Amino acid sequence: MFNKRKTAESSRLSKSTSSKGVQLLHIHGVPCTLDKELLAARSGKIAAFIKENSQEDLCRFLEDIPADPNTFELIARFCHGFELQISTENVVPLTCLAYYLGMNESHSKNNLLIKTLTFFEQRILPSWNETIKALLATENILQQAVHFGIVDACLKSIIEKALVDPCLLGEPIKNLTHADNNEDIDDVNRPNARRRLFGFEGKSEDLTKLPLQLYEPIIVAMKKHGVPSKYVAASLCKYAKKWVLYKSIGCEEMTIHREVIETVERLLPHERGLIPCTLLFDMLQSAIVLEASADCRNCFETRIGKQLDEATVKDLLIPSQGYAKEVQYDIECVRRILKIFYTNYTCSDVSGLITVAELIEEFLAEVASDIDLKPDTFISLAEMSIAASLGTQRGADGIYKAIDIYLVKHRYLTEVEREEVCRVLDCQKMSPEACEHAAKNEKLPLRVVVQVLFIGQLKLRDTITKEMQASYDKLRKEEEDLARLDCGEEQERTGMEKMSNKVMELEKECNMIRKEIASVCNHTVKKEKGSMWREMKRKFGCITTMHHPNCQIKKMKKVNPNMEYDL
């Protein structure tokens, strides 16, 4: 990490140093040859200590320095004039030790502290990846890094970048109810379009690499500054999966993992749908195995209960814990989750209720095969399933299926116990197919078989009655339609006859009017012809008949009967 070449200043310092100052010291058990005068020239703290203490005290002082041997070796090389190569991995330890030793500009020009701080501000803080790498280097010197403000500077830089681009925390988790539990959540390292467009780092360092004491304050600050919940949830889920979920945990690791799962639950946002129900069940099971606090387990149950309609029957199969377990699965936990679901379900849509009712029926059929499941526990679960079906108009086929499985796996039950198990079965709600199967089921008590047959007969009678009633109603309707049709035809015929009579009457009236008009017209013509003849005779001076003595025409004919007129 260092070049063997000495600078001009280091040569000057070496030449001015006498061999009396060179000593063999042990730093954290590692032997080092050091020149105390060169150390004092760069470190104000060592210089002040040498003035007031002996050489033996200096050895003890150096052995107690809060730094690992590699970091101290870098400091010693710098003090001896070797060129220092600062990197992301060593800048924080070097800065902390430079602070501690007082290697500032007031003691010596161009000292180590100004070099490391410049590198930190120019090369580390502007980069998301380099900042996280630098934080990883603080794990063994966390208290010093916090005290000198290095951790706060890193946290501020990370939060500012997350507010600009929340995808640095990881893409929001797709809420798939049937997601594979073993599928990795790898969305964190996938750059989005915005980051590719503006040339951001192609692959971002994952926050989940950080230890809990660094990761927790970062998430708390992000929530406080308003980073979107879906991105915070994505990061927390990946953190839980990386450190706790799906891992075999030894006794010595239980405390650490318990702290992780409790912290993750405390930091998880409470919005519904941000986290798949299956993943919440995995966290709950881990909390149970790690013996997390009751508050932690109860909060996971509450989160699950609010979105139980997204769960699968596999999610509900929570193994019982402890050496004295009586059943294979944690029945009481499922009961509590179901109660939370109904307490918080306020949607007017009943589809969620139907989904949960089907889920509990499937769960009942699954646990019925548990050979250790006692009849009382099975009956309690069956009653819980029936309660879940209230208001959904569901039949009893699911309950019958579970009872059949239970009786097959528990053949040792007495007749009384089998009757008690079948007490929760409502035969009236069974489908015809289920009734037919039950009538031939030798595992059922005789009383239940007789009841099924009786109800089957009642249903058959009701079916026949309904069919006969339907046929009668259909026939009656047809007769009414026919009668209504006949009545309509009669009314139409009567109307036609009335209309025909009226037309005939109108025709008669028209004929009479026509005759009267014709009669009037004839009388008027005759009268007009007579009047015209008399008028003409008056014009010719003959208003009497031709036998009148004054008629001029007659006189003319008598005087000259042979006269011809030239017309």
Side-chain angles (χ1 to χ4, degrees), residues 173-179 181 268-285 297-318 327 329-370 373 376-406 421-435 438 455:
I173 302 173
K174 295 180 180 179
N175 195 355
L176 303 177
T177 56
H178 300 287
N181 289 352
L268 278 175
H270 290 278
E271 291 89 336
R272 172 189 165 100
L274 290 179
I275 308 167
C277 199
T278 297
L279 188 54
L280 287 174
F281 269 104
D282 292 340
M283 293 183 184
L284 173 60
Q285 291 192 37
R297 298 195 301 270
N298 292 339
C299 288
F300 274 126
E301 291 178 1
T302 301
R303 294 175 185 274
I304 293 171
K306 292 180 179 180
Q307 55 188 79
L308 184 60
D309 52 333
E310 301 173 1
T312 64
V313 66
K314 186 178 179 181
D315 297 332
L316 297 179
L317 300 178
I318 303 173
V327 291
Y329 302 109
D330 194 340
I331 306 300
E332 291 303 318
C333 180
V334 176
R335 193 193 305 275
R336 291 192 300 269
I337 292 173
L338 186 64
K339 183 178 179 181
I340 293 170
F341 171 77
Y342 284 110
T343 302
N344 292 274
Y345 193 84
T346 58
C347 182
S348 58
D349 186 8
V350 299
S351 59
L353 299 175
I354 295 175
T355 301
V356 171
E358 294 174 350
L359 178 66
I360 298 302
E361 285 184 359
E362 294 177 10
F363 173 73
L364 181 62
E366 190 71 28
V367 300
S369 59
D370 183 3
L373 188 63
D376 293 342
T377 306
F378 177 82
I379 293 171
S380 176
L381 283 173
E383 291 175 344
M384 180 176 65
S385 178
I386 294 171
S389 301
L390 293 177
T392 60
Q393 304 299 323
R394 289 185 55 79
D397 289 6
I399 300 295
Y400 171 71
K401 177 183 177 182
I403 290 175
D404 183 51
I405 296 173
Y406 186 78
V421 168
C422 294
R423 179 177 56 83
V424 296
L425 180 62
D426 188 351
C427 299
Q428 294 183 355
K429 292 185 177 181
M430 293 172 60
S431 65
E433 293 78 11
C435 288
I455 291 176

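What's counted below: heavy atoms across the whole structure, side chains too, no hydrogens, waters or symmetry copies. Residues take their numbers from the sequence shown, with the count starting at 1. It should be emphasised that the depicted structure is a prediction, and the values quoted were computed from it without experimental measurement.
- Atom CD1 of residue I304 and atom CG of residue D315 lie 8.0 Å apart, to the nearest 0.5 angstrom.
- Expressed to the nearest 0.5 Å, how far CG of L284 lies from SG of C333 amounts to 5.0 Å.
- Contact between A368 and A402 at its shortest, heavy atoms only, is CB-O, 3.6 Å.
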Take F281 and T312, measure what side chain to side chain contact (heavy atoms under 4.5 Å, CB included) needs, and give me the verdict at the end. CA-CA 10 Å; F281 269 104; T312 64; over 6 Å; no
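- Taking CG from L308 and CD1 from I360, the interatomic distance works out to 6.0 Å, rounded to the nearest 0.5 Å.
- Under the 4.5 Å side-chain criterion, counting only non-hydrogen atoms from C-beta, V313 is in contact with L359.
- Checked by atom type and distance alone, the side chain of Y406 pairs as donor or acceptor with a backbone atom of L373 at under 3.5 Å.
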List the steps, then state whether side chain to side chain contact (heavy atoms under 4.5 Å, CB included) holds for I331 with F378. CA-CA 10 Å; I331 306 300; F378 177 82; over 6 Å; no
Give the intermediate values and the outcome of side chain to side chain contact (heavy atoms under 4.5 Å, CB included) for residues M384 and L381. CA-CA 5 Å; M384 180 176 65; L381 283 173; 3.2 Å; yes
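- Here the shortest heavy-atom pairing between R303 and Q307 reads O-CG, 3.5 Å.
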Go through it in stages, so that I can follow the logic: the residues are E310 and R272, the test is salt bridge (charged side-chain N to carboxylate O under 4.0 Å, His left out), and I'd like the CA-CA distance, side-chain angles, deciding distance and then a yes or no. CA-CA 11 Å; E310 301 173 1; R272 172 189 165 100; 3.5 Å; yes
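- Judged by distance alone, with hydrogens and angles left aside, the side-chain atoms of D397 form a donor-acceptor pair with the main-chain N or O of S431 at under 3.5 Å.
- The shortest heavy-atom contact between G305 and I340 is CA-CG2, 3.8 Å.
- Rounding to the nearest 0.5 Å places CG of L268 at 5.5 Å from CE of M283.
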CA sep, side-chain torsions, deciding dist, call: K401, D404, side chain to side chain contact (heavy atoms under 4.5 Å, CB included): CA-CA 5 Å; K401 177 183 177 182; D404 183 51; 5.7 Å; no
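- A distance of 12.5 Å separates CG of D370 from CD1 of I405, quoted to the nearest 0.5 Å.
- A pairwise comparison of heavy atoms in D309 and G352 identifies CB-O, 4.1 Å as the closest pair.
- When all heavy atoms of Y342 and L353 are compared, the closest pair comes out as CE2-CD2, 3.6 Å.
- If you take OH on Y400 and CG on D426, they are separated by 14.5 Å, rounding to the nearest 0.5 Å.
- Closest of all the heavy-atom pairs between L364 and A382 is CD2-CA, 3.8 Å.
- Every pair passing side-chain hydrogen bond (donor to acceptor under 3.5 Å, both in side chains) that includes a residue from residues 376-385 is listed here, sequence neighbours excluded: R335-S380.
- Using a 4.5 Å heavy-atom cutoff, the side chains of E362 and L316 are not in contact.
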